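Okay, so here's the structure we're looking at.
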Amino acid sequence: MYPEYMMESIKKVEETRPGRLEKSKKYGKEVFPHMTDKERGEVLSKFHPDYKEGARKEVRVGPNKGEILTTEISDLLESYSRINPKDFNLDKIDYETDVLVIGAGSAGMASALVAAKNGSNVLIVTKLRLGDSNSMMAEGGIQAADQRDDSPTMHYLDVIGGGHFDNKPELVQALVSDGPESIKWLEELGVIFDKNPDGSMLVKSGGGTSRNRMHSCRDYTGAGICRVLRDEVYNLPDKIKYIEYSPVVELILDDNGQAVGAVIYHLETKQYSIIKAKSIIMSTGGFGRLHIRGFETTNHYGATADGIILGYRVGAKLLFMDSVQYHPTGAVYPEQIVGFLCTEKIRALGAQPVNADGELFVYSMEPRDVEASAFIRECTARKNGITTPSGLCGIWLDSPLIDQIDGQGTIDKNLPGMVRQFGRFDIDIRKYPMLVYPTLHYQNGGIEINDKCETNIPGLYVAGETSGGVHGRNRLMGNSQLDLIVFGRRAGLNASKRANNGVKIGKLSIEHIYDYEKEVADLDINRKKIAPILLPDYIPDHVKQKQITAEYFGTLI
Amino acid sequence: MTENRMMVRVQIMGESFEVPEGSTIIMAMEYAGYQLKRGIGCREGFCGACATVYREKNDYKIKGGLACQTVVTDGMVIAQIPFVPAEKPVYDINELTPDINTIKAIFPTVFRCVACNTCTKACPQDIEVMDYIQALKRGNIERAADLSFDCIRCGLCALRCPAEIVQYNAAILAQRLYGKYLSKKNPQLDKRVKEIEDGKYSEEINELMDMDREKLTETYYSREIKIS
Ligand SMILES: Cc1cc2nc3c(=O)[nH]c(=O)nc-3n(C[C@H](O)[C@H](O)[C@H](O)COP(=O)(O)OP(=O)(O)OC[C@H]3O[C@@H](n4cnc5c(N)ncnc54)[C@H](O)[C@@H]3O)c2cc1C
Ligand code: SF4
Ligand code: SF4
Ligand code: FES
């Protein structure tokens with residue numbers, strides 16, 4: 001339950017609710033004016049965390065040397081490997097495969113299924129278990145322009161406008177054109193989409209969209225998709241093998257500069273093994289666990305930007321790694337769920353963001369970065385937020401409005417996960433609003449790909465959150481889940497074709513590590529700084545001081 | 001986590017630690033000095049990696065829960081279940097029929113359910129697990145898919161089942177059968193896929209791709225918005 005003083009503020013929210021409800025019955029979501037291009041620019045430059053002093057800095061090593069990137073990314077790129085090439089004999093191969101898939105979220109598993117179908121033998125290696133990923137956590141939905149009053153063209157406009165026109169056009173074209181087919185593919189695998197009684201898709205709008213095109217599986221959309229892909233992977237044991245708890249710590253090149261394998265590290269037995277592959281698909285997801293600018297995150301435990309590091313070390317170019325997505329609505333109360341996602345679907349269903357006095361202050365469906373910045377402005381410059389007992393600030397997301405707009409039971413039916421999440425801590429979101437503040441959510445940029453998911457390194461394909469270019473500098477809701485399927489499938493097909501065509505693999509090598517480390521050493525960077533970090537470190541300092549012989553080396557060893 | 005808060009004493013695998021009040025089991029283990037490598041995934045109640053059994057002070061019952069969602073209490077005794085060695089039958093979804101015969105062939109154990117309701121009591125998602133197993137027993141795939149929808153595959157039900165049923169694997173089969181065969185299909189989707197294949201939108205999209213930034217910005221901000 002909320003403490004007394006917060007209940008006072010909730011009373012004000014309740015007082016303004018009937019008026020807001022009336023407006024919303026008349027105008028739908030249009031109860032507050034949209035921002036103009038100029039207003040968007042202003043709120044972003046003043047309040048978005050990316051624009052704060054120190055948020056970005058120059059990276060001094062590797063293929064993007066000299067570019068300004070997110071500070072935490074530049075720092076992470078300027079680091080050493082956890083292995084020394086001289087300790088490895090690459091003539092001794094532990095596993096050999098046609099297609100190696102790194103990371104088992106939806107992008108990775110979709111690519112594995114397509115590659116297997118196309119006749120390749122596939123090996124998936126992943127950090128935790130199959131499906132332990134951001135993919136499994138998506139709540140709100142997946143976009144695709146399949147409705148009568150919609151078109152891939154409108155979808156294209158929304159995606160590229162949401163991304164501030166920086167997106168790579170060929171990637172947006174691929175995303176929107178493969179959209180409906182991807183939904184069909186998923187349905188044929190057995191994904192259950194929310195539907196109207198006549199069988200038509202139940203679609204909602206999302207921030208920055210001009211049509212209702214967000215498909216959902218209740219508020220377990222990511223799980224609804226990811227668990228089906230995983231079940232299908234389990235069903236193909238002859239074509240798809242997998243190794244769990246074994247993150248990749250370096251990629252292997254051959255003497256022609258092709259990506260031809262990977263070194264994996266078993267988190268528990270601490271053994272390293274060598275994999276040789278004809279083509280490689282990188283699908284390691286995002287970076288929330290880097291806690292950029294100290295933000296809490298919605299991301300899963302293994303989201304530590306590994307793919308970016310691995311790709312960069314072998315020379316893959318990064319794109320848009322200067323922009324970070326903060327989801328406007330992360331929970332700030334109760335404390336056990338701080339940073340957790342309150343899905344955008346809550347706003348899509350009609351919940352309005354209001355301040356401590358119960359007043360509207362922003363259109364509820366601005367693109368994410370704009371919406372998040374407006375929330376930050378309300379809490380900081382305007383001081384209209386609500387402070388929690390542990391000192392965090394938030395604004396209200398007036399969820400009870402949903403049932404008042406669409407009838408009792410709407411929340412239960414559409415947001416069971418959210419009701420459960422808050423209910424576990426005695427907050428009934430059907431009766432009381434949710435306190436929210438932006439939370440670190442999504443890696444907008446990544447390794448640059450083309451519409452075949454190829455990179456500048458032959459043999460290295462990238463799909464999903466760790467790729468860069470599809471969403472420009474700001475992704476819209478529901479387009480990532482689509483991206484995973486569209487580009488996961490494209491990566492699977494193209495990687496498999498390459499493997500089937502018989503690639504000539506030269507001598508295996510990880511000597512590139514020496515060259516990269518030399519650049520890092522020239523900057524006088526502490527030898528102890530290693531990446532990928534594999535897992536975040538949440539052990540408190542007073543305990544660490546007693547872990548005298550243990551070392552935090554990406555993982556605690 | 002602030003240092004000046006109240007502490008509680010818990011036992012993790014039998015060993016005693018003092019941890020901040022209000023911590024979830026995962027937070028408590030990390031506070032105690034564990035870097036978790038198993039039994040952890042999303043940390044938000046969506047992946048089912050963190051199944052845990054525990055007993056509370058002055059209680060003889062061993063309960064199950066998700067470590068990322070369960071708050072510790074003073075005197076709690078905790079053990080994680082990082083893996084359930086349950087059987088997963090392999091099938092080709094394209095070869096199946098969405099009816100009781102498929103359930104009989106792939107999950108014969110379902111028919112041994114003794115309706116003891118232990119699984120429902122064990123489920124941290126408050127799913128009517130027994131009811132979905134009973135629905136499957138009757139061949140009611142739709143109901144089984146509906147009731148089991150929020151299952152996150154934590155394994156706690158199967159661990160407790162006296163009839164050795166792996167409920168969550170039966171659930172995903174029911175869901176896939178429903179999604180693929182039984183849910184009402186949407187001709188508009190097929191129509192759009194065909195339109196795209198036939199190149200209906202290619203020209204429009206190419207036009208947008210060729211636009212300079214200024215024109216594109218203008219087109220974007222003047223686009224018609226039709227949402228509800
Ligand atoms: C809480 C939440 C809600 C979201 N809701 C939505 C939504 O409603 N709609 C939408 O479109 N998008 C949503 N997103 C975004 C979207 O779900 C993610 O961007 C997407 O799932 C990323 O998929 P992926 O396959 O690229 O990566 P992931 O699903 O994160 O998978 C990456 C995999 O790689 C593994 N891995 C990482 N490092 C290594 C390594 N070194 N070696 C081997 N394996 C490794 C990980 O363990 C994991 O299995 C949401 C994200 C979150 C976190
Ligand atoms: S049905 Fe079983 S596996 Fe699924 S969430 Fe409930 S207890 Fe866990
Ligand atoms: S625990 Fe097993 S036997 Fe008991 S109701 Fe559940 S499925 Fe049936
Ligand atoms: S860690 Fe995913 S459900 Fe607890």
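When reading the values below, keep in mind they use all heavy atoms of this one structure, side chains included, and skip hydrogens, waters and symmetry mates. Just so you know, these numbers come straight off a predicted model, no measurement behind them. Throughout, protein chains are lettered first and strands after them, A, B, ... in sequence-line order, and every chain is numbered starting at 1.
The SG atom of A:Cys217 lies 10.0 Å from the CD atom of B:Gln175; values are rounded to the nearest 0.5 Å. Here the straight-line distance linking atom CD of A:Glu181 with atom CD of B:Glu197 works out to 6.5 Å at 0.5 Å rounding. If you take CG on B:Leu216 and CG on A:Leu157, they are separated by 6.5 Å, rounding to the nearest 0.5 Å. Here B:Leu189 contributes atom CG and A:Glu187 contributes atom CD; the two are 6.5 Å apart, rounded to the nearest 0.5 Å. Atom SG of B:Cys47 is separated from atom OH of A:Tyr301 by 12.5 Å, given to the nearest 0.5 angstrom. Here A:Leu341 contributes atom CG and B:Cys42 contributes atom SG; the two are 12.0 Å apart, rounded to the nearest 0.5 Å.
The part of A:Thr297 that comes within reach of chain B is its backbone (N, CA, C, O), which places non-hydrogen atoms under 4.5 angstrom from that chain. Both the backbone and the side chain of A:Glu232 come within less than 4.5 Å of a heavy atom of chain B. Neither the backbone nor the side chain of A:Ser133 comes within less than 4.5 Å of any heavy atom in chain B. Heavy atoms of B:Ser202 lying under 4.5 Å from chain A are absent altogether. Both the backbone and the side chain of A:Lys184 come within less than 4.5 Å of a heavy atom in chain B. Residue B:Tyr91 touches chain A through both its backbone and its side chain, counting heavy-atom pairs closer than 4.5 Å. Heavy-atom distances place both the backbone and the side chain of B:Leu36 under 4.5 Å from chain A. B:Asp146 touches chain A through backbone and side chain together, each having a heavy atom under 4.5 Å away. Looking at A:Ile160, the atoms closer than 4.5 Å to chain B (heavy atoms on both sides) all sit in the side chain, from C-beta outward. Only the backbone of B:Pro89 comes within contact range of chain A, with heavy atoms under 4.5 Å apart. Heavy atoms of B:Ile40 lying under 4.5 Å from chain A belong to its backbone as well as its side chain. Contact of A:Arg129 with chain B is made through the side chain alone, with heavy-atom distances under 4.5 Å. Contact of A:Tyr552 with chain B is made through the side chain alone, with heavy-atom distances under 4.5 Å. If you measure heavy-atom distances from A:Met365 to chain B, you find no contacts under 4.5 Å at all.
Here the closest non-hydrogen pair linking A:Ile192 and B:Ala145 is CD1-CB, 4.1 Å.
When atom types are taken as modelled, the side chain of B:Gln35 and the backbone of A:Pro536 share a donor-acceptor pair closer than 3.5 angstrom. Remark: side-chain polar atoms of A:Gln547 are paired, donor with acceptor, to backbone N or O of B:Gly33 under 3.5 angstrom. The backbone N or O of B:Ser228 lies less than 3.5 Å from a partner atom in the side chain of A:Lys29, making a donor-acceptor pair. Side-chain atoms of B:Lys180 come within 3.5 Å of backbone atoms of A:Glu188 as a donor-acceptor pair (strictly under, hydrogens ignored). In terms of modelled atom types and a separation under 3.5 Å, the side chain of B:Gln125 and the main chain of A:Arg420 share no donor-acceptor contact. The closest donor-acceptor contact from the side chain of A:Arg218 to the backbone of B:Asp150 lies at 3.5 Å or more, if one exists at all. In this structure, the side chain of A:Arg424 does not engage the main chain of B:Thr70 through any donor-acceptor pair within 3.5 Å.
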Check step by step if side-chain contact (heavy atoms from CB on, under 4.5 Å) holds for B:Gln69 and A:Gln336.
CA-CA 8 Å; B:Gln69 300 290 307; A:Gln336 292 88 353; over 6 Å; no
Can you check side-chain contact (heavy atoms from CB on, under 4.5 Å) on A:Tyr538 and B:Ile26, steps first, answer last?
CA-CA 10 Å; A:Tyr538 295 134; B:Ile26 279 188; over 6 Å; no
Run the numbers on A:Asn212 and B:Lys226 for side-chain hydrogen bond (donor to acceptor under 3.5 Å, both in side chains), then give the verdict.
CA-CA 8 Å; A:Asn212 289 359; B:Lys226 285 200 269 182; over 6 Å; no
Let me see the working for A:His542 and B:Tyr31 under side-chain contact (heavy atoms from CB on, under 4.5 Å), right down to the final yes or no.
CA-CA 10 Å; A:His542 73 273; B:Tyr31 187 88; 3.2 Å; yes
Show your working on side-chain contact (heavy atoms from CB on, under 4.5 Å) between B:Arg43 and A:Arg289 and close with a plain yes or no.
CA-CA 11 Å; B:Arg43 305 175 71 105; A:Arg289 292 284 154 189; 3.5 Å; yes
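With respect to B:Arg176 and A:Asp231, a salt bridge is recorded, a charged nitrogen being found less than 4.0 Å from a carboxylate O. Taking a cutoff of 4.0 Å between a charged side-chain nitrogen and a carboxylate oxygen, B:Lys184 and A:Asp198 do not qualify as a salt bridge. The pair A:Asp166-B:Arg213 meets the salt-bridge criterion, with a side-chain N (NZ, NE, NH1 or NH2) lying under 4.0 Å from an Asp/Glu carboxylate O. Between A:Glu268 and B:Lys37 there is no salt bridge, since none of the side-chain N atoms of the basic residue sits less than 4.0 Å from a carboxylate O of the acidic one. With respect to A:Asp158 and B:Arg223, a salt bridge is recorded, a charged nitrogen being found less than 4.0 Å from a carboxylate O.
Chain B forms the most heavy-atom pairs under 4.5 Å with one residue out of A:Val228, A:Leu128, A:Val543, A:Leu267, and that residue is A:Val228. Of the listed residues (B:Asn206, B:Asn169, B:Ile172, B:Thr24), the one with the most heavy-atom contacts under 4.5 Å to chain A is B:Ile172. Highest contact tally toward chain A, considering only B:Asp190, B:Asn94, B:Leu177, B:Leu173, is held by B:Asp190 [criterion: heavy-atom pairs under 4.5 Å]. Comparing B:Glu204, B:Met29, B:Gln188 by heavy-atom pairs within less than 4.5 Å of chain A, the highest count is held by B:Gln188. Comparing A:Ser177, A:Gly28, A:Gly224 by how many heavy-atom pairs each has under 4.5 Å with chain B, the most go to A:Ser177. The choice from A:Thr36, A:Asp132, A:Ile539, A:Asn235 that makes the most heavy-atom pairs within less than 4.5 Å of chain B is A:Asn235. In terms of heavy-atom pairs under 4.5 angstrom with chain A, the leader among B:Val193, B:Asp92, B:Thr219, B:Ile205 is B:Ile205. Of the listed residues (A:Ala223, A:Gly161, A:Pro169), the one with the most heavy-atom contacts under 4.5 Å to chain B is A:Gly161. The most heavy-atom pairs under 4.5 Å with chain B, out of A:Leu189, A:Ile183, A:Val172, A:Asn134, come from A:Leu189. The residue among A:Tyr220, A:Phe340, A:Tyr156 with the most heavy atom pairs within less than 4.5 Å of chain B is A:Phe340.
Heavy-atom neighbours of A:Lys546 NZ from other residues, nucleotides or ligands within 6.0 Å: at or below the threshold of 12. Heavy-atom contacts from other residues, nucleotides or ligands closer than 6.0 Å to NZ of A:Lys544 number more than 12.
Here the side chains of A:Met136 and B:Glu44 are not in contact, with every heavy-atom distance at 4.5 Å or above. The side-chain heavy atoms of B:Glu224 and A:Arg211, taken from C-beta on, include a pair separated by under 4.5 Å. For the pair A:Pro152 and B:Arg192, the minimum side-chain heavy-atom distance is below 4.5 Å. A 4.5 Å side-chain heavy-atom check between A:Phe165 and B:Tyr220 finds at least one atom pair inside the cut-off.
With B:Phe149 as the aromatic partner, A:Arg227 meets the cation-pi criteria of under 6.0 angstrom to the ring centre and within 45 degrees of the ring axis.
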